[in-house]
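Please read the structure below before turning to the comments.
Indexing begins at 1, ligand by ligand and atom by atom, following the structure's order.
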Amino acid sequence: MKHKLALIGFGTVGQGFVEILVRERETLQEKYGIDFTVVAISDMNKGTLSDPNGLNLPLVLESVKLSGTFAQYPDTSGLVREWDSFETIRQSEADTVLEATYTNIANGQPGLDHCRAALEAGKNVVTTNKGPIALGLDELERLARDHGTRILYEGSVMSGTPVLRLAQTSLAGDDIEMVRGILNGTSNYILTQMEEGLDFEEALAEAQKLGYAEADPTNDIDGYDAQFKLLILSQALFGVRIQKDDIFTLGVRHISRDDVAKAHRENRRYKLIASLEKTSSGIVGRVAPEIIPWSDPLAGVFGAVNALTYRCRLAGDITVVGPGAGRTETGFALLIDCINLCRGQI
Ligand code: HSE
C-alpha cells in the first residue's frame with residue numbers, strides 16, 4: 001500500500017522523521033506492507049519541494065546540510081518550488097499531512113490553520129505540534145469527522161513514548177483518576193545538571209544546544225510547555241477541555257543551584273511536577289516545582305527523560321518512563337501515528 005505524505009515544517013522533528021524513513025523504508029514495506037512516499041515538504045525558512053512522484057529524501061537532507069535550505073535539491077520535471085505551506089497542503093497529492101512547525105502557545109498558529117486546511121482538504125493530519133492540539137483539538141476532531149479524515153497526535157506529549165495510545169487503547173475499560181509526571185525535558189535536564197554543579201544559565205544553554213528546549217525557552221522554564229501537555233492530556237484521557245488559565249503554572253526559573261544542593265543534603269530532589277486530578281468539581285491541573293523524596297519513582301528520572309504515572313481505578317499506578325524530546329524520538333512519534341493510521345487504528 002502506497003501512502004503519500006506532505007511535511008509542513010522541516011526542523012529537527014521533520015528531519016528526524018525523514019532520516020528514519022531513509023533508514024527504515026524497506027523494513028516498513030516488508031513488515032507492514034506500507035510504502036511511505038514523501039511527495040512534498042514545505043518550511044518557512046528552507047522553501048518548498050513538491051513532486052508527485054516522491055522526493056529523493058537523501059538529496060533533501062543533503063541540501064539542508066549544505067545550505068540550510070532546499071536550494072541544492074536538483075530540479076526534476078514535476079518539481080514545484082513556489083508553493084507556500086497552504087498551497088502545499090491543498091495542492092500536493094498527499095494522503096496525510098505531517099504538521100511539525102514550532103509550538104506557538106499564544107494561539108497555536110500557524111500550526112492550527114495548517115491542520116484545519118489539511119482536514120478541510122480531505123487529508124489526514126499527524127502532528128507533534130502542541131499548540132493546535134492543546135488549543136483546538138475538539139474543533140480539529142470535528143473537522144476530521146466532517147471530512148472523513150483523521151487527526152493523530154501521539155508525539156505532542158512525551159514524543160515517541162506512547163503515553164496517549166497506552167491510555168486510550170491498552171487501558172481500555174479502566175478509569176484514570178489522576179495523572180502525575182515530569183513532562184518537560186528541558187526543566188528536568190536543568191535540575192539534573194544543577195545537582196551536578198552547573199548554574200541555571202549554563203544548564204539552560206546546554207539544553208538548548210542539545211535541542212531539548214522550545215524555540216522560545218521561556219515556555220520550558222516557566223512551565224508553559226508542561227501546561228500545554230496537560231491541556232492535551234485532559235482532552236485525550238478525560239475528554240474534558242480545560243483552559244490554560246485554570247492550570248496553576250510555575251516553572252523552574254527561580255530555582256538556584258543552592259536550593260538544589262540543600263534539597264540533596266536532605267535526601268530530596270526538586271522536580272517540575274505536572275498533574276491532573278479528577279475531582280468532584282472537575283479536572284484540576286497544576287504545574288509546579290516540588291521537593292520530593294528520593295523514594296518517589298519520579299525522583300529517579302534524570303536528564304531530559306520524562307515520566308508519567310497513571311493512577312488507574314482497576315490497574316493501580318502505572319508509570320511510564322521514556323524520552324520526551326529529541327530528533328529521532330519525536331520523528332519516531334510521527335511514524336507511530338502514520339503506521340496506525342494506515343492500519344486503521346488509533
Ligand atoms: N521543550 C520540550 C521539552 C520539548 O523540553 O520537553 C518536547 O515537547
Side-chain angles (χ1 to χ4, degrees), residues 9 11-17 98-106 108 111 126-135 137 152-164 179-194 198 200-236 244 247 249-253 255 270-275 287-289 298 301-308 320-334 336-337:
T12 312
V13 176
Q15 290 176 48
F17 173 76
L98 309 189
E99 214 291 338
T101 62
Y102 62 96
T103 294
N104 173 350
I105 66 162
V126 166
T127 187
T128 53
N129 189 340
K130 293 173 281 278
I133 302 302
L135 301 177
L137 182 61
L152 297 179
Y153 49 91
E154 179 64 69
S156 61
V157 180
M158 281 181 72
S159 65
T161 307
V163 286
L164 299 180
V179 184
R180 178 176 177 266
I182 293 172
L183 292 179
N184 183 256
T186 301
S187 302
N188 205 50
Y189 183 83
I190 291 172
L191 294 173
T192 303
Q193 292 303 96
M194 286 205 293
L198 258 62
F200 186 92
E201 293 303 332
E202 286 170 328
L204 172 60
E206 272 199 15
Q208 286 178 289
K209 210 165 70 196
L210 290 165
Y212 304 138
E214 295 296 292
D216 178 357
T218 56
N219 294 338
D220 296 297
I221 60 181
D222 286 331
Y224 299 118
D225 176 72
Q227 180 200 63
F228 261 52
K229 289 168 180 163
L230 289 185
L231 294 178
I232 296 170
L233 283 166
S234 179
Q235 295 176 85
K244 55 182 175 176
I247 299 180
T249 302
L250 186 68
V252 298
R253 183 194 285 275
I255 298 172
Y270 274 92
K271 291 290 169 193
L272 183 72
I273 303 294
S275 61
V287 177
L298 297 180
V301 177
F302 300 108
V305 175
N306 283 193
L308 200 57
V320 185
V321 180
R327 187 181 183 98
T328 304
E329 296 83 347
T330 316
F332 167 62
L334 292 172
I336 303 176
D337 281 342

Heavy-atom donor-acceptor pair, [X] side chain to [Y] backbone, under 3.5 Å:
X	Y	answer
Thr330	Val13	no
Glu329	Gly324	no
Thr192	Gly303	yes

Looking at [X], which atoms of ligand 1 are within less than 4.0 Å of one of its heavy atoms?
X	result
Tyr212	1 (N), 2 (C), 3 (C), 4 (C), 5 (O)
Asp220	1 (N), 2 (C), 3 (C), 5 (O)
Asn184	2 (C), 3 (C), 5 (O), 6 (O)

* **Asn306 and ligand 1 - part of the residue with a heavy-atom distance under 4.0 Å** =>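 It is neither; nothing of Asn306 touches ligand 1.
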* Verdict with reasoning, Thr127 to Asn129, per side-chain hydrogen bond (donor to acceptor under 3.5 Å, both in side chains) -> CA-CA 5 Å; Thr127 187; Asn129 189 340; 5.0 Å; no
Considering only non-hydrogen protein atoms, determine which one is nearest to [atom] and report residue, atom name and distance to 0.1 Å.
atom	answer
atom 2 (C) of ligand 1	Glu214 OE2, 3.2 Å
atom 7 (C) of ligand 1	Gly324 O, 3.3 Å
atom 5 (O) of ligand 1	Thr186 OG1, 2.6 Å

* Starting from the C-alpha separation in whole Å, work towards a yes-or-no answer on side chain to side chain contact (heavy atoms under 4.5 Å, CB included) for Phe228 and Ile133. => CA-CA 9 Å; Phe228 261 52; Ile133 302 302; over 6 Å; no
* Asked: Does any N/O atom on Gly185 come nearer than 3.5 Å to any N/O atom on ligand 1?
  ->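 Looking only at distances, the answer is yes, because the N/O contact criterion of under 3.5 Å is met.
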* Asked: In a check of side-chain contact (heavy atoms from CB on, under 4.5 Å) between Asp220 and each of Asn188, Ile190, Asp225, which one passes?
  ->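 Passing option: Asp225.
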